[in-house]
Q: 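Supplied in structure tokens, the structure appears directly below.
Note that the coordinates shown come from a computational prediction; the quantities given were computed from them, not determined experimentally. Heads up: numbering here begins at 1 and tracks the sequence.
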Amino acid sequence: MMKKIFGYFLLILLPWTVTAEAQSPAIVNGVAWLKAVQGVDGSWRNSPSSTDFYTTSSVLESFATLGDTSAAFTNGLLWLQAANATSTTYLAPRIKLTTISGGDAANDQNTLLSYRNNGSGWGGYLNQETSNFHTSLALQAFKSANSTDQTLIFKSINYLLSTQNPDGGWGFVQSEQSNIYVTAHVLSTLAQFKGVYLAAAQLASAASYLLANQNADGGFGADGSTAYETALAFIAIMESGQGQLVPLQNAVNYLTATQ
């Protein structure tokens, strides 16, 4: 379901291309398209009948990376901050974006902290089973908010490291089969702490898992390459410092060709 929802977000790649290609047609056209399909309420929809909080967050994060503070970003952020956020999936990205824009995310941080299970990880909601996906989202949020709670960070990182599968990947929850989507999320999260915590072997193993599952067309996706999973995998490998030139270039070629 996630793959279907986010399939068109090629701009998630922006953080790693903006420096070198800030004026590239691919980025300019992608930004123009996103602004053209923004809802009148400031959000971004996946279909005419639904508005998706996480989709809007993904678009806004891309704009923030570009330094785009246009009306599209402002209106989207206002919608996001006014929306009802009662899950880790919604609270975590809102904390990130509120912090990026210079706002106060203290209330959201306290709510998200209350969702934590047994001092280790997070599920989607209060008292829901801990998942690798939601734990990585929460950890990214507290990292963006410059949390000084090292106990929280250390235990969360240890939880993710303890649930890594022998093949180097992660499933949605502990002991579930590895998949590209969750592995990319967790790897991106852990990579943000690579200069602080010793996890080089685990990062390398996760990057190897992703590269081993790259499709012949250069993209990533268990049921065929998708733009979203390809971008996530590319970003995670780059952040981990485990990238290999040819596979990464093949991923970029896939993304460029499928715009």
Side-chain angles (χ1 to χ4, degrees), residues 2 6 12-13 15-16 54 57-58 61 65 88-89 91-93 95-96 99-100 109 112-113 115-124 129-214 220 228-244 247-248 251:
M2 286 289 188
F6 301 118
I12 198 72
L13 183 62
W16 287 264
Y54 198 49
S57 300
S58 297
E61 189 169 352
T65 301
T88 302
T89 310
L91 287 166
I95 290 170
K96 290 176 66 176
T99 302
I100 288 171
Q109 288 184 66
L112 184 59
L113 187 59
Y115 287 6
R116 197 171 180 218
N117 294 325
N118 301 319
S120 58
W122 280 261
E129 179 187 7
T130 299
S131 77
N132 296 319
F133 173 69
H134 291 110
T135 299
S136 68
L137 287 185
L139 192 52
Q140 285 184 29
F142 285 110
K143 171 68 173 177
S144 296
N146 297 314
S147 173
T148 58
D149 189 341
Q150 292 304 310
T151 299
L152 177 152
I153 293 172
F154 179 74
K155 288 185 175 180
S156 301
I157 289 175
N158 275 351
Y159 174 80
L160 290 174
L161 293 177
S162 73
T163 60
Q164 187 175 24
N165 291 328
D167 62 8
W170 282 268
F172 190 78
V173 296
Q174 186 174 10
S175 300
E176 188 174 87
Q177 184 177 353
S178 299
N179 68 75
I180 292 167
Y181 178 77
V182 177
T183 299
H185 268 290
V186 177
L187 179 56
S188 285
T189 300
L190 294 177
Q192 295 180 33
F193 300 92
K194 64 182 179 181
V196 181
Y197 296 95
L198 298 177
Q202 292 91 333
L203 294 179
S205 180
S208 294
Y209 167 81
L210 290 175
L211 290 169
N213 285 278
Q214 187 172 22
F220 291 83
Y228 187 66
E229 286 178 290
T230 300
L232 285 179
F234 176 90
I235 290 170
I237 295 167
M238 287 288 289
E239 285 187 322
S240 71
Q242 303 293 327
Q244 300 174 26
L248 290 175

Q: Using atom types as modelled and distance alone, determine if a side-chain donor or acceptor of Arg116 lies under 3.5 Å from a backbone N or O of Leu152.
A: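 Side chain of Arg116 to backbone of Leu152: a pair is present.
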Q: Taking Trp122's backbone N and O only, do any of them form a donor-acceptor pair with Thr135's side chain (distance below 3.5 Å, no angle check)?
A: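 Yes: the side chain of Thr135 pairs with the backbone of Trp122.
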Q: Within this structure, what is the NE2-OG1 distance for the pair His134 and Thr89, rounded to the nearest 0.5 Å?
A: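 Between His134 NE2 and Thr89 OG1, I get 3.0 Å after rounding to 0.5 Å.
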Q: Would one find more than 12 heavy atoms of other residues, nucleotides or ligands at under 6.0 Å from atom NZ of Lys155?
A: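 Atom NZ in Lys155 is not packed in, count stays at 12 or less.
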Q: Testing the basics here: between Ala236 and Leu210, what is the closest heavy-atom pair and its distance to 0.1 Å?
A: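 Answer, listing the atom of Ala236 first, then Leu210: CB-CD1, 4.2 Å.
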Q: Between the main-chain N or O of Ala145 and the side-chain N or O of Gln109, is there a donor-acceptor pair closer than 3.5 Å?
A: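 No, because the side chain of Gln109 does not come within donor-acceptor range (under 3.5 Å) of the backbone of Ala145.
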Q: Is there a side-chain contact between Gln202 and Leu190, using heavy atoms and a 4.5 Å cut-off?
A: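 In short, these two side chains do not touch, never coming nearer than 4.5 Å.
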Q: So does Glu129 have more than 12 non-hydrogen atoms from other groups sitting under 6.0 Å from CD?
A: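 Atom CD in Glu129 is not packed in, count stays at 12 or less.
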Q: Just so I know, are the side chains of Ile153 and Tyr197 near enough to count as touching, which here means a heavy-atom distance under 4.5 Å?
A: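 With C-beta onward as the side chain, the pair touches.
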Q: Among Val173, Asn117, Asn118, find the residue that satisfies the side chain to side chain contact (heavy atoms under 4.5 Å, CB included) test when tested with Thr130.
A: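 The residue from Val173, Asn117, Asn118 that satisfies side chain to side chain contact (heavy atoms under 4.5 Å, CB included) with Thr130 turns out to be Asn117.
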Q: Checking the side chain of Thr88 only, and the main-chain atoms of Gly123 only, is there a donor and an acceptor separated by less than 3.5 Å?
A: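 Flag set: sc Thr88 to bb Gly123 pair under 3.5 Å.
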Q: Leu187 versus Tyr209: any side-chain heavy-atom pair under 4.5 Å?
A: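 No, every pair of side-chain atoms sits at 4.5 Å or beyond.
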Q: So, does Ser162 use its side chain to make a donor-acceptor pair with the main chain of Tyr159 at under 3.5 Å?
A: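 Yes; at least one donor-acceptor contact below 3.5 Å.
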Q: Can you tell me how far the CD atom of Gln244 sits from the CD1 atom of Ile237, to the nearest 0.5 Å?
A: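 With rounding to 0.5 Å, CD (Gln244) is 8.5 Å from CD1 (Ile237).
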Q: Can any side-chain N or O of Ser144 pair as donor or acceptor with the backbone N or O of Gln140 at less than 3.5 Å?
A: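 Confirmed, Ser144 side chain pairs with Gln140 backbone.
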Q: Measuring from atom CD1 of Ile157 to atom OG of Ser120, what distance do you get when rounded to the nearest 0.5 angstrom?
A: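 Rounded to the nearest 0.5 Å, the CD1-OG separation comes to 13.5 Å.
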Q: Give me the atom names and distance for the closest heavy-atom approach of Gly171 to Val182.
A: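 Shortest heavy-atom contact: O-CG1, 3.3 Å.
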Q: Could you tell me whether the side chain of Phe142 reaches within less than 4.5 Å of the side chain of Leu113, counting heavy atoms only?
A: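 Answer yes - side chains close enough.
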Q: Report the residue from Tyr228, Phe133, Phe172 that forms a ring-ring contact (aromatic ring centres under 6.0 Å, His included) with His185.
A: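 Among Tyr228, Phe133, Phe172, the one that satisfies the ring-ring contact (aromatic ring centres under 6.0 Å, His included) with His185 is Phe133.
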Q: With rounding to the nearest 0.5 angstrom, report the CG to CG distance, Leu203 to Leu161.
A: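 One gets 8.0 Å once the value is rounded to the nearest 0.5 Å.
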Q: Using only atom types and a distance under 3.5 Å, with no angle test, would you say the side chain of Lys96 pairs donor to acceptor with the backbone of Ser57?
A: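 The answer is no, because no donor-acceptor pair under 3.5 Å joins these two groups.
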Q: Could you tell me whether the side chain of Glu176 reaches within less than 4.5 Å of the side chain of Ser131, counting heavy atoms only?
A: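 They are not in side-chain contact.
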Q: CZ of Phe220 to CG of Asn179: how many Å apart, nearest 0.5 Å?
A: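 So the gap between those two atoms works out to 13.5 Å.
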Q: To the nearest 0.5 Å, what is the distance between CG on Asp167 and OG1 on Thr183?
A: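 So the gap between those two atoms works out to 7.0 Å.
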Q: Which heavy atom of Ala207 sits nearest to which heavy atom of Ser240, and what is that distance?
A: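 In terms of heavy atoms, the two residues are closest at CB-OG, 4.0 Å.
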Q: Which pair of non-hydrogen atoms, one from Ser205 and one from Gly168, has the smallest distance, and what is that distance?
A: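 It is OG-CA, 3.1 Å.
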Q: Which heavy atom in Ala92 sits nearest to a heavy atom in Ala141, and how many Å separate them?
A: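 Scanning both residues, the minimum pair turns out to be O-CB, 3.5 Å.
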Q: Are side-chain heavy atoms of Gln242 and Leu211 found at a separation under 4.5 Å?
A: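 Of all side-chain heavy-atom pairs linking Leu211 with Gln242, none is under 4.5 Å.
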Q: What's the shortest heavy-atom distance between Met238 and Leu248, and which atoms?
A: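 Minimum heavy-atom separation between Met238 and Leu248: SD-CD1, 3.5 Å.
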Q: Going by heavy atoms in the side chains, are Leu139 and Phe193 under 4.5 Å from each other?
A: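 Yes, their side chains come closer than 4.5 Å.
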